[in-house]
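We number each residue from 1, following the sequence as shown. Everything numeric here is computed off the predicted structure, so don't read it as measured data. Order of listing sets the numbers, starting from 1, for every ligand and every atom in it.
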Amino acid sequence: MAKKQFKTESKKLLDMMINSIYTHKEIFLRELISNASDAVDKLYYRSLTDNGVILTRGDYEIRITPDKEARTLTIADNGCGMTREELENNLGTIAKSGSFDFKRTEGEQSEVDIIGQFGVGFYSAFMVSDRITVESRSWGADEAWRWVSEGVDGYVIEPCEKETNGTVITLHIKPDGDDEKYGEYLDEWRIEELVKKYSDYIRYPIRMLTSREQLKEGSKDEYETVTEDKTLNSMVPLWKKQQSEVTDEEYAAFYREKFFDWEAPAKVIRQKSEGTATFEALLFIPAHAPYNFYTKDYEKGLQLYSNGVMIMDKCKDLLPDYYSFVHGLVDSADLTLNISRETLQHDRQLRVIAKAVEKKITAELTKMLESEREKYEAFWRAFGMQLKYGVYADYGAHKDTLQDLLLFRSSNEGKYVTLAEYTERVKEGQNKIYYACGETAEKIARLPQVESVKSKGYEVLYLTDDIDEFAVKMLREYKDKQFSNVCTDALDIASDEEKETVKEENTKNEEILKFMKDSIGDAVKAVRFANTLGDHAVGLSTEGELSLEMERVLSKMPGNEQGAPKAQTVLEINLSHPIAAKVKELYVTDRDRLANYAKILWAQARLVSGMGVDDPAAYSDLVCNLMV
Ligand code: ADP
């Protein structure tokens, strides 16, 4: 019988498979089982409309038979089978649809891409076989055909004997090499493991005759071989079961095993969608952040299944960065037919699914925030930072999605508040959302400006994480109320009269203040009198966009050690503190002393703001000189 040649494109792919250095060659079994399952599906659906098909669902099976002596692995199904033409067209040509872009097969990286992400169907069997035989009988046909190929130099098709409909694929497994032990694919335990890993949820039983040694009955040392016809797959995926059929324990066990967590998830989310995208999702919000969550080693992503068959372990396109903590999977039948070839269309489908998944996560978090506050606060402690980064990222593109999920500690007993809660209980006429930044809530609470604002009955948000103020600046406002840093803008809560007094004092004493500023040097932008510092003598505020907190964060960033942008810092002196009068007096009586006072006050204001002084020794000398 004359050998037939493969079509050019198929030849290239075949060549790639035969010489594959891909490390997960094991996926070939998944591919063949999926094909078998599709073939059974086709016949099963035909049976629903065609009275000629008398098989019932329970009659279908996929059978795997390893034979170590012959070094063959057989995968048989009783599905629709193939006619001679179908054998020729389906296995002689790949990429019938023509959209498989072969440019991507150049180089090693793209090989990994193609095989790893999509699998390449039937041909992947050539990664582990040096000869493949396919015997098939189409449903209703009275003849059967055999297709045999040893690789690139072509294939042969000839008639054969086959009693029943379906397809039997026999792989002659490659000899073991130095570093590749292909023989493992003939081990029962290995086959079982692979079926569990990739094909556990195939809807038809995948069976294999297994054998094990066991003690003979009544004997202490005599063994016998027991064979068992075993179904290797569990068939019904957890996410296809009715919600009411699955217990919390089952979800938790599934989650722990699949996503390697020792703790049960904080929340289980089920989603079923039909319409523009048909899919099911089973999602988990972990109860704690994985140890590497806030490092670049952490990989986000959901598992992607096509009709119960896993096709990708970490599909990162399914999750936005701000929900990167979510674990779980998406199963979509829409992906089956397109996935290996129509990669573009597949991307569009994925985007639709990703959008829907994102919406669902947002809705579930909102629900948790509204009805399970304590749980949400625990969630926030683990993952809140990620949401705040989300607000800031992409120039604020996601702030509408995320702003109502944010929590802040506040001067209201140090409790967490949402922005909605804050704005609902603002004082009459208050049109700003006040916040202050610092290392801890306790330290912020003691800032002079914060004490003063609080004493007037305003609530203040305490921002303690590096990202906080950047996120708040990105939000700019919430429900028409602008965010306002009390250390910068505290003046606006003073009465008109108070504002007027301060302004007058500052103009009147311009010279004194200028003298003090010059004594301190370039570090300070200006020295001013203020009446927003409560009982404290001095405080710091800033002018312009950059706050002290932002300056601190920026200076810590890589590359900014020397030249980080500086905040324009203002030293404020409390008008109603005796030090104000003292300063004025010294300007007349002893300017040298005033120069030293200015430096000391500046250092003190920095200390109060939690910033440390630049030259502690000089500061200490100044103070001691005053003391003696
Ligand atoms: P894909 O499954 O992505 O279409 P494959 O190369 O795996 O690509 O298979 C090509 C075609 O061969 C399938 O679409 C199917 O029509 C046919 N085929 C493969 N295996 C079987 C089988 N076990 N029974 C019937 N048809 C099959």
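Of the N and O atoms on the side chains of Tyr155 and Glu88, at least one donor lies less than 3.5 Å from an acceptor on the other residue.
Annotation: Cys80 places no N or O atom under 3.5 Å from an N or O atom of ligand 1; distance criterion only.
Every atom of ligand 1 with a heavy atom of Ala39 under 4.0 Å away is listed here by number and element: 22 (C), 24 (N), 25 (C).
Remark: among candidates Glu86, Met82, Lys42, the nearest residue to atom 18 (N) of ligand 1 is Met82, based on non-hydrogen atoms. Between atom 9 (O) of ligand 1 and the options Ile33, Ile169, Asn35, Asn78, the minimum heavy-atom separation is to Asn35. Evaluated by nearest non-hydrogen atom to atom 12 (O) of ligand 1, the leading choice among Asp38, Leu32, Asn90 is Asn90. The heavy atom nearest to atom 23 (N) of ligand 1, considering only Ile75, Val168, Asp77, is found in Asp77.
At a threshold of 4.0 Å, the pair Glu188-Arg212 does not count as salt-bridged, since none of the basic side-chain nitrogens sits closer than that to a carboxylate oxygen. The pair Glu135-Arg146 meets the salt-bridge criterion, since a charged nitrogen lies less than 4.0 angstrom from a carboxylate oxygen.
In this structure, Phe28 and Tyr185 have perpendicular ring planes: the angle between them is above 60°, well past the 30° mark.
Checked against side-chain hydrogen bond (donor to acceptor under 3.5 Å, both in side chains), Lys216 has no partners two or more places apart in sequence or in another chain.
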